[in-house]
**Student:** 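What follows is a structure written as structure tokens; I'll ask about it next.
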4 protein chains.
Amino acid sequence: MLAEIKGINEECGVFGIWGHEKAAELTYYGLHSMQHRGQEGAGVVVNTGSELKGHKGLGLVNDVFKRVKFDDLEGSVAVGHVRYATQGGRGIENVQPLLFQSQTGGMALAHNGNLMNAHELRGELEGEGSILQTSSDTEVLAHLIKRSGEVTEDSIARALNRVVGAYAYIILQEDKMFAALDPSGIRPLSIGRLGDAYVIASETCAFDQIGATFEREVLPGELITISDEGMTSTRFAPRDKRRMCAMEYVYLSRPDSDVNYVNVHASRKQMGKELAKESSVDADIVVGVPDSSISAAIGYAEESGLPYEMGIIKNRYVGRTFIQPSQELRELGVKMKLSPVRSIIEGKRVVMIDDSIVRGTTSRRIVQMLREAGAKEIHVRIASPAIQNPCYYGIDMSTKKELIGANYSVDEINGIIGSDTLAYLSEKGLEKAIVKDKTINQGVCMACMTGKYPVKQDGELEIHYTSC
Amino acid sequence: MLAEIKGINEECGVFGIWGHEKAAELTYYGLHSMQHRGQEGAGVVVNTGSELKGHKGLGLVNDVFKRVKFDDLEGSVAVGHVRYATQGGRGIENVQPLLFQSQTGGMALAHNGNLMNAHELRGELEGEGSILQTSSDTEVLAHLIKRSGEVTEDSIARALNRVVGAYAYIILQEDKMFAALDPSGIRPLSIGRLGDAYVIASETCAFDQIGATFEREVLPGELITISDEGMTSTRFAPRDKRRMCAMEYVYLSRPDSDVNYVNVHASRKQMGKELAKESSVDADIVVGVPDSSISAAIGYAEESGLPYEMGIIKNRYVGRTFIQPSQELRELGVKMKLSPVRSIIEGKRVVMIDDSIVRGTTSRRIVQMLREAGAKEIHVRIASPAIQNPCYYGIDMSTKKELIGANYSVDEINGIIGSDTLAYLSEKGLEKAIVKDKTINQGVCMACMTGKYPVKQDGELEIHYTSC
Amino acid sequence: MLAEIKGINEECGVFGIWGHEKAAELTYYGLHSMQHRGQEGAGVVVNTGSELKGHKGLGLVNDVFKRVKFDDLEGSVAVGHVRYATQGGRGIENVQPLLFQSQTGGMALAHNGNLMNAHELRGELEGEGSILQTSSDTEVLAHLIKRSGEVTEDSIARALNRVVGAYAYIILQEDKMFAALDPSGIRPLSIGRLGDAYVIASETCAFDQIGATFEREVLPGELITISDEGMTSTRFAPRDKRRMCAMEYVYLSRPDSDVNYVNVHASRKQMGKELAKESSVDADIVVGVPDSSISAAIGYAEESGLPYEMGIIKNRYVGRTFIQPSQELRELGVKMKLSPVRSIIEGKRVVMIDDSIVRGTTSRRIVQMLREAGAKEIHVRIASPAIQNPCYYGIDMSTKKELIGANYSVDEINGIIGSDTLAYLSEKGLEKAIVKDKTINQGVCMACMTGKYPVKQDGELEIHYTSC
Amino acid sequence: MLAEIKGINEECGVFGIWGHEKAAELTYYGLHSMQHRGQEGAGVVVNTGSELKGHKGLGLVNDVFKRVKFDDLEGSVAVGHVRYATQGGRGIENVQPLLFQSQTGGMALAHNGNLMNAHELRGELEGEGSILQTSSDTEVLAHLIKRSGEVTEDSIARALNRVVGAYAYIILQEDKMFAALDPSGIRPLSIGRLGDAYVIASETCAFDQIGATFEREVLPGELITISDEGMTSTRFAPRDKRRMCAMEYVYLSRPDSDVNYVNVHASRKQMGKELAKESSVDADIVVGVPDSSISAAIGYAEESGLPYEMGIIKNRYVGRTFIQPSQELRELGVKMKLSPVRSIIEGKRVVMIDDSIVRGTTSRRIVQMLREAGAKEIHVRIASPAIQNPCYYGIDMSTKKELIGANYSVDEINGIIGSDTLAYLSEKGLEKAIVKDKTINQGVCMACMTGKYPVKQDGELEIHYTSC
């Protein structure tokens with residue numbers, strides 16, 4: 001939701017469960033907890049014992065499943081997906097898991113990530129007579145797997161070796177469920193247990209939601225196979241140093257999730273603390289932009305000794321049926337999602353914490369809102385470095401032309417958004433907030449801030465096609 | 001929503017605007033910002049210039065108005081209402097504003113509160129041949145006004161002098177809009193300005209929502225009249241000391257609202273601070289139960305020097321179409337609205353802040369959830385005194401039999417909910433947190449905690465009929 | 001539906017059942033069968049044993065009840081209503097049965113008809129301090145009954161003696177159900193039995209729908225009382241000669257209903273036969289305008305010896321979500337509800353049978369459609385006399401200014417609608433088609449055709465207020 | 001709808017338009033008029049000029065398109081489809097037109113019919129590494145076309161030569177629209193003109209709906225190509241004698257459609273006349289089962305001289321939200337879709353005309369209903385020969401085991417359904433009613449009645465896979 005305002009959008013969440021008689025229903029709850037990762041479509045494929053069978057639809061998880069009887073989706077194995085859709089691919093056919101029926105058995109795929117060479121692979125496949133019905137990368141992988149023959153560890157590994165990018169896959173066929181992570185481990189993917197059942201999910205909040213416990217991360221370049229015989233692991237690619245996407249911590253993941261062994265709320269609070277150490281300022285109160293910046297604001301307050309106050313409120317009831325105020329009404333002062341709290345703000349020197357700035361328009365609007373509510377000074381502190389580069393690994397961000405951090409200096413941005421002072425967290429500060437133990441966390445991908453891309457195709461960066 | 005869990009429910013919010021060409025649309029946004037005060041029905045009545053005309057429906061404001069064209073509700077004067085419905089009165093006929101057409105002109109009423117003598121008045125009216133179509137107190141007042149003759153200051157004042165209770169009314173006829181508050185000022189009602197227009201609302205967050213500015217509180221026993229000639233004020237009853245409902249601060253109002261000149265978030269934070277002073281405990285982290293207890297938790301953390309952590313998460317996407325997990329799944333561990341954050345809670349001595357305890361079932365569930373997430377110790381701190389008595393003034397609380405605070409000692413409750421230690425804020429502490437300046441705030445009604453009821457009917461407390 | 005095209009609209013259907021454990025559910029089916037009598041609202045009130053309780057809503061019966069659990073409407077007595085709403089009274093508050101709760105017991109009313117002196121009575125009631133919440137006549141009667149005291153045969157009879165018009169009422173209180181018909185018996189109301197249960201309905205098709213059997217008509221000026229002691233009958237007014245509304249036969253009722261002992265389809269077929277006798281013409285085929293004119297067309301064909309052909313088709317799937325073609329598309333030839341069958345029409349001399357002409361616009365459109373489909377000659381034959389006067393008895397027709405029959409001669413109308421010849425059925429012909437046995441049927445009200453109004457208020461005709 | 005009762009179901013309708021700026025909107029209206037051919041899904045693909053783009057969904061045409069803005073589907077070329085779904089293929093992925101995007105251009109297919117060798121072809125394709133996402137025959141053809149190379153007349157012709165069955169296809173690529181009919185012409189497919197635009201549709205009622213005029217039938221084995229250069233025709237197979245499906249006349253098509261130059265209503269009326277010649281009976285009235293048997297009943301009445309009466313009524317308002325009466329209520333007499341008209345039926349000797357008998361359950365129910373309504377004698381006359389064999393050509397009928405005509409003699413069926421006498425129309429009678437001019441109509445497929453299948457696969461009949 002705020003995503004729309006910001007222009008940063010997660011692209012999808014995946015979920016899989018093996019060995020629980022309520023598989024489809026648990027998948028529903030798991031997807032529900034990952035709703036923030038994709039709000040435009042959701043689906044579940046279940047193995048009924050005799051076939052793979054699915055239900056999917058456009059919209060929120062609740063809406064897609066509100067009339068589903070889970071008795072019609074019986075089976076102890078299920079895969080699910082929530083989808084964020086880029087402009088070009090909003091059709092129902094792109095909603096995942098993709099399900100392919102064949103006379104030798106079905107296959108379902110759920111994907112989070114982006115393939116940098118999808119366009120080339122698609123051209124190659126079509127040249128050989130393949131017909132693709134979706135515009136998604138996921139179908140490309142499906143064809144590559146099928147070209148390699150049966151759906152086995154081998155055929156999947158061969159297919160994965162053809163693709164370049166950042167990805168987390170769950171693949172289901174009649175006897176087995178597979179999970180795979182790209183060689184740099186840019187996207188998150190965790191393994192949990194619920195009694196005897198195995199659970200795979202993009203975020204650990206899905207485990208908490210269903211009462212499962214975290215077991216371990218899927219490793220970079222690892223291919224997990226789960227069957228009635230249990231779980232085995234192979235490697236389809238040499239294991240790179242893990243480069244977990246920093247934006248998962250900064251903005252995308254739920255605060256209660258642990259991403260690569262680090263709690264997201266804790267990392268955000270630490271970002272706030274690092275920010276206070278780096279860029280302290282004389283002020284009266286600390287205010288966070290809800291929801292994603294609250295943790296950082298609390299951290300900043302704790303470190304600086306300034307009181308944290310609830311100076312900006314987010315309206316909880318804004319939803320799909322909310323009638324957006326017209327331009328005329330907005331100019332009259334009608335608020336949309338965020339409102340300032342005059343009695344807290346008035347006459348105060350405010351440190352306003354936000355997690356990031358993309359185009360700058362939202363920041364400018366909030367700063368103006370605080371001014372109108374009587375703030376004496378506004379010191380904007382951003383809990384991450386400036387975003388200056390596009391993401392090729394599955395996050396839908398604005399183009400370089402639109403990224404304010406790519407086109408203006410910090411001083412200029414301070415002027416544009418109308419704050420008194422502006423400071424970003426340093427790259428080092430962000431890394432310190434996330435990577436607590438190099439032997440476990442290894443590193444993060446901060447390419448959108450630093451321009452240092454860990455994965456390239458033939459040494460080149462390609463414009464990305466349609467991800468997830 | 002949490003309201004359902006707790007068993008405390010606000011009963012309604014009112015809104016009125018005089019003198020703005022977008023009156024109905026602004027009323028929609030105003031009601032929207034007060035959605036938390038009533039989620040079961042909403043309505044708007046507009047004065048089109050030639051008639052009073054309304055639209056109302058069951059459900060959330062968004063749902064009720066999603067297909068409304070505001071062009072069909074043209075006019076510069078409007079009154080609106082959001083409704084919480086008690087068990088017995090869920091019908092559409094009870095949704096307000098009630099609109100009465102007559103050959104001499106229409107009248108619309110919107111009400112927040114409860115009349116203690118509604119039952120007697122109803123019996124009296126029916127005995128005289130009146131027919132009432134709703135089960136709401138509001139219709140009783142309408143009949144009393146009409147009995148007194150035309151809809152004027154006089155007839156309204158006479159009618160108000162017949163009723164006993166806590167109430168905030170907005171009454172509309174063709175030429176005038178009236179607003180009235182009970183002689184003890186138990187319910188909130190504020191006056192704002194939007195350019196030349198007058199705005200009346202239960203909570204000041206509605207002013208912020210539409211860009212209006214707060215002007216002043218309606219006073220106890222005051223009757224406001226707004227017309228094209230401007231605003232005038234009379235008194236229909238001697239002005240008592242104001243006894244604003246303490247629960248508005250503790251739980252009911254939005255944190256960004258100012259209730260009787262005191263910001264709700266600030267008062268909650270102060271409750272947390274007072275609580276820390278009164279009942280400190282050796283612990284590792286402070287955790288609040290979202291959403292209503294976050295402010296108090298932050299205050300407690302600030303005062304105690306303990307870090308505030310986001311140890312409990314509320315799922316934002318749970319809505320009306322959410323499929324509630326079956327008992328079986330809940331026992332398996334499937335969470336509903338709240339989830340603990342294991343990586344924050346595990347191994348910690350937790351101070352868990354909640355705003356109040358009603359029946360104790362929710363508290364017990366949250367304590368258990370924290371235990372399962374690995375909390376070493378759980379110290380529950382409640383940011384208000386124990387609720388021991390029913391409310392006769394418009395808040396729907398559990399009956400005395402269900403109120404855990406009315407039937408058990410603090411020690412016993414500590415045992416029932418399974419915490420290591422339990423402490424409530426003292427009455428004095430609560431009062432200190434709310435009443436900053438006795439000349440302005442005067443006092444609060446804490447009858448549900450203290451049993452000292454400021455308003456009685458013939459010196460007796462009556463079982464309340466159907467409020468709001 | 002066609003109703004909208006025509007501009008003749010039935011105003012409501014009533015249903016009551018006493019003594020069946022599935023009362024509410026049977027009422028649903030009964031209302032369903034009378035859906036054609038009112039498509040804008042529906043409601044049921046059931047006596048649960050301890051209270052009267054209702055469910056109502058705007059829209060079709062199916063839509064209003066699609067989420068209702070009939071277990072929540074338990075009880076062996078129920079009253080129901082389907083409503084047609086005139087422009088001014090579309091609100092949910094006008095949907096019937098109206099339900100009035102009071103401390104001495106509830107009362108529910110369902111009404112089909114129109115009171116000519118409703119406006120005066122309403123003024124009188126308001127002058128005495130009564131508050132009316134709806135714009136419907138039914139509420140006026142409710143107040144009159146209550147003014148007379150308890151809800152008894154006496155109080156109802158007294159109230160009915162105050163009203164002037166055409167009406168069929170079902171009134172429910174805790175112990176009794178009442179049914180009453182105006183002294184001229186202009187509106188239909190029948191009594192049926194389903195085992196031991198009593199059933200009352202506007203049309204006998206409701207009996208067939210639920211497997212009940214027709215017992216007898218309610219008589220003009222009769223007041224029926226049904227209780228656990230059985231059914232009794234009194235008379236609240238001297239019994240006039242019955243003047244059943246002729247339009248019930250011509251257009252309004254379902255063909256399978258018997259209205260005042262005469263089957264509607266049979267009467268329509270006879271209208272066609274009389275029309276053939278009166279106005280035969282040399283032609284190739286007989287075509288009826290679906291649905292209401294099919295019976296008459298078959299009668300005309302049978303009498304004339306010409307073949308009946310399905311030359312005009314009605315699209316069954318046109319519903320509320322149908323996207324109406326724009327003017328541009330309609331001019332391009334896109335059809336809406338009716339389509340001609342070219343291969344039947346082309347080159348033929350067509351007798352086109354319609355039941356009536358109101359404004360003439362529909363007739364002109366159909367004639368043009370037949371011309372474009374290649375008809376060589378078009379002879380329009382109308383199975384009733386020209387409508388020249390407004391109805392004051394509960395049928396919503398166009399105003400006199402709009403009635404083509406009131407402003408033009410038959411020759412002129414023939415020119416306006418573009419037919420080759422035009423003929424109406426004579427008054428005598430219509431009467432012969434309906435009144436088979438004067439001792440039973442007595443007579444019909446043809447005031448809208450003849451201007452002879454059987455019921456007047458103080459010898460005057462009043463403009464009608466809001467009926468039903 | 002009645003379809004569900006009967007167990008005969010049409011499988012789909014196709015529509016295409018080339019050269020009209022309102023292409024998508026006209027397709028909506030065209031599909032709407034063919035709603036009876038498939039009620040479980042609908043879709044439109046439009047050529048926007050730059051790409052093929054579609055909208056599809058489950059449900060009725062109205063529901064699928066109710067929120068579509070046709071401005072989002074701009075373009076002068078469109079293809080549409082209404083779908084009937086067999087049990088196994090209800091998913092959204094099977095809703096047509098199927099749309100295949102590729103880097104060399106898109107292709108859309110809409111299909112009505114059934115391929116007898118779909119299963120073999122599918123196995124063959126999968127063996128070569130193809131991935132199919134739907135269970136429909138249409139995707140098989142798509143793969144065959146792509147295997148042959150580009151989407152051209154040649155590649156389509158080659159693909160069509162691989163399939164065996166009954167089919168009508170519309171295929172769209174960026175520059176051309178193709179239409180093809182199987183070599184025996186079993187399924188209907190007509191060409192029309194709307195100004196300069198070309199229109200293709202399964203039924204001519206779609207032409208009437210949009211104001212287009214019929215041009216000619218697509219011929220057996222013909223491949224039509226439409227482009228901006230106009231329309232050309234080739235032949236992909238030698239032209240067999242046309243064997244139009246007799247059930248299109250008996251039951252499936254709309255009465256206003258002309259199927260292979262014969263009006264459906266006229267043929268049905270003639271079936272009734274032939275039936276009266278073959279199997280006259282001494283009786284009082286002729287009654288048809290609505291809607292499909294009305295034409296035949298009128299024909300029977302005309303030929304026999306008996307009066308046609310509306311003895312059975314179909315409730316027009318039964319829809320998807322209709323609450324089906326429970327078994328208990330049905331036994332009490334609550335009717336569903338059809339009701340008898342007692343005042344017409346009682347004491348009469350009734351000739352009841354139905355178009356066909358499939359399992360016999362509906363016939364038995366109607367006969368019983370007429371008995372309960374007081375019919376003295378019931379003579380069932382069926383306007384087609386007994387159905388004794390399954391259809392392999394695209395009509396979903398009950399299996400042989402369920403077909404009452406396949407398992408019982410006429411005498412036995414008479415006993416089972418409870419009629420006094422029973423007679424079917426002869427094969428010769430049916431043919432006479434349909435084939436007016438052998439040079440034009442050639443012949444009909446009556447395989448389901450006669451067992452003489454015009455199309456076999458390698459001389460064998462195969463169990464059909466999933467059609468349409």
Side-chain angles (χ1 to χ4, degrees), chain C residues 22 25-26 28-29 32-33 35-36 60-63 65-66 194-195 204-205 208-214 254-256 258 262-263 265-266 269 291 294-295 298 301-302 307-310 313 315-323 325-326 328-329 332-335 339-344 373, chain D residues 22 25-26 28-29 32-33 35-36 60-63 65-66 194-195 204-205 208-214 254-256 258 262-263 265-266 269 291 294-295 298 301-302 307-310 313 315-323 325-326 328-329 332-335 339-344 373:
Chain C
K22 301 275 183 188
E25 201 168 349
L26 290 168
Y28 164 79
Y29 291 109
H32 197 270
S33 75
Q35 182 72 81
H36 59 287
L60 296 175
V61 175
N62 276 350
D63 294 334
F65 287 92
K66 69 182 162 191
L194 178 60
T204 62
C205 64
D208 294 330
Q209 175 68 43
I210 63 167
T213 51
F214 173 77
R254 249 173 70 155
D256 53 330
D258 294 345
V262 175
N263 175 257
H265 158 70
K269 197 171 159 185
D291 289 332
I294 300 298
S295 297
I298 289 170
E302 239 178 78
Y308 167 82
E309 298 293 350
M310 207 173 280
I313 285 284
N315 192 336
R316 298 283 167 228
Y317 292 94
V318 174
R320 301 203 160 213
T321 55
F322 181 67
I323 303 163
S326 62
E328 186 194 346
L329 283 179
L332 282 171
V334 172
K335 304 297 178 299
S339 316
V341 186
R342 174 170 288 276
S343 65
I344 287 174
Chain D
K22 300 274 183 188
E25 201 167 350
L26 290 169
Y28 164 79
Y29 290 109
H32 198 270
S33 74
Q35 183 72 81
H36 59 288
L60 296 174
V61 175
N62 276 349
D63 294 334
F65 287 91
K66 70 182 160 191
L194 177 61
T204 62
C205 64
D208 295 330
Q209 174 69 43
I210 62 167
T213 51
F214 173 77
R254 250 174 67 156
D256 53 332
D258 293 344
V262 175
N263 174 257
H265 159 69
K269 195 170 161 187
D291 289 333
I294 300 299
S295 299
I298 289 169
E302 237 177 79
Y308 167 82
E309 299 292 351
M310 208 172 279
I313 286 284
N315 193 334
R316 298 282 168 227
Y317 292 95
V318 174
R320 299 203 162 214
T321 54
F322 181 67
I323 303 163
S326 62
E328 185 193 346
L329 284 178
L332 283 171
V334 173
K335 303 298 178 296
S339 315
V341 185
R342 173 169 289 274
S343 65
I344 287 174

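By convention in this document, chain letters (A, B, ...) are assigned in the order of the sequence lines, proteins followed by strands, and residues within each chain are numbered from 1.
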**Student:** Which region of C/Glu309, side chain (C-beta onward) or backbone (N, CA, C, O), has a non-hydrogen atom less than 4.5 Å from a non-hydrogen atom of chain D, or is it both or neither?
**Tutor:**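 Interface part for C/Glu309: both.
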**Student:** Is it the side chain or the backbone of C/Gln35 that comes within 4.5 Å of chain D heavy atoms, both, or neither?
**Tutor:**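 Contact with chain D is through both the backbone and side chain of C/Gln35.
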**Student:** Counting heavy-atom pairs closer than 4.5 Å to chain D, which one of C/Val61, C/Leu26, C/Asp208 comes out on top?
**Tutor:**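 Maximum pair count with chain D is reached by C/Asp208.
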**Student:** In terms of side-chain heavy atoms, does D/Asp258 have a donor or acceptor partner in C/Ser343 at a distance below 3.5 Å?
**Tutor:**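 A donor-acceptor contact under 3.5 Å links the two side chains.
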**Student:** Does C/Lys269 use its side chain to pair, donor to acceptor, with the backbone of D/Met310 at less than 3.5 Å?
**Tutor:**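 No.
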**Student:** Write down the atom of C/Ala373, the atom of C/Arg342, and the distance for their closest heavy-atom approach.
**Tutor:**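 Here C/Ala373 and C/Arg342 meet closest at CA-NH2, 3.6 Å.
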**Student:** Could you pull out the closest heavy-atom pair between D/Asp256 and C/Ser339, with the gap in Å?
**Tutor:**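 Looking at all heavy atoms of both residues, the closest pair is OD2-CB, 4.4 Å.
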**Student:** Specify the closest pair of heavy atoms between C/Ser33 and C/Arg254, including all atoms of both residues, with the distance to one decimal.
**Tutor:**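 Nearest pair, atom of C/Ser33 first, then C/Arg254: O-NH1, 3.3 Å.
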**Student:** If we define contacts as heavy-atom pairs under 4.5 Å, which of C/Pro307, C/Ala301, C/Ala266 has the most with chain D?
**Tutor:**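 Ranked by heavy-atom pairs under 4.5 Å with chain D, first place is C/Pro307.
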**Student:** Taking side chain as everything from C-beta outward and backbone as N, CA, C, O, which of these in C/Phe65 sits under 4.5 Å from a heavy atom of chain D? Side chain, backbone, both or neither.
**Tutor:**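 Contact with chain D involves both backbone and side-chain atoms of C/Phe65.
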**Student:** Between C/Asn263 and C/Pro255, which heavy-atom pair has the shortest distance, and what is it?
**Tutor:**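 Heavy-atom minimum between the residues: ND2-O, 3.2 Å.
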**Student:** Does any heavy atom of chain D fall under 4.5 Å from the side chain of C/Pro340, the backbone, both, or neither of them?
**Tutor:**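 Backbone only.
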**Student:** Given heavy-atom pairs under 4.5 angstrom as the criterion, report whether the side chain, backbone, both or neither of C/Tyr29 touches chain D.
**Tutor:**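 C/Tyr29 touches chain D through side-chain heavy atoms alone.
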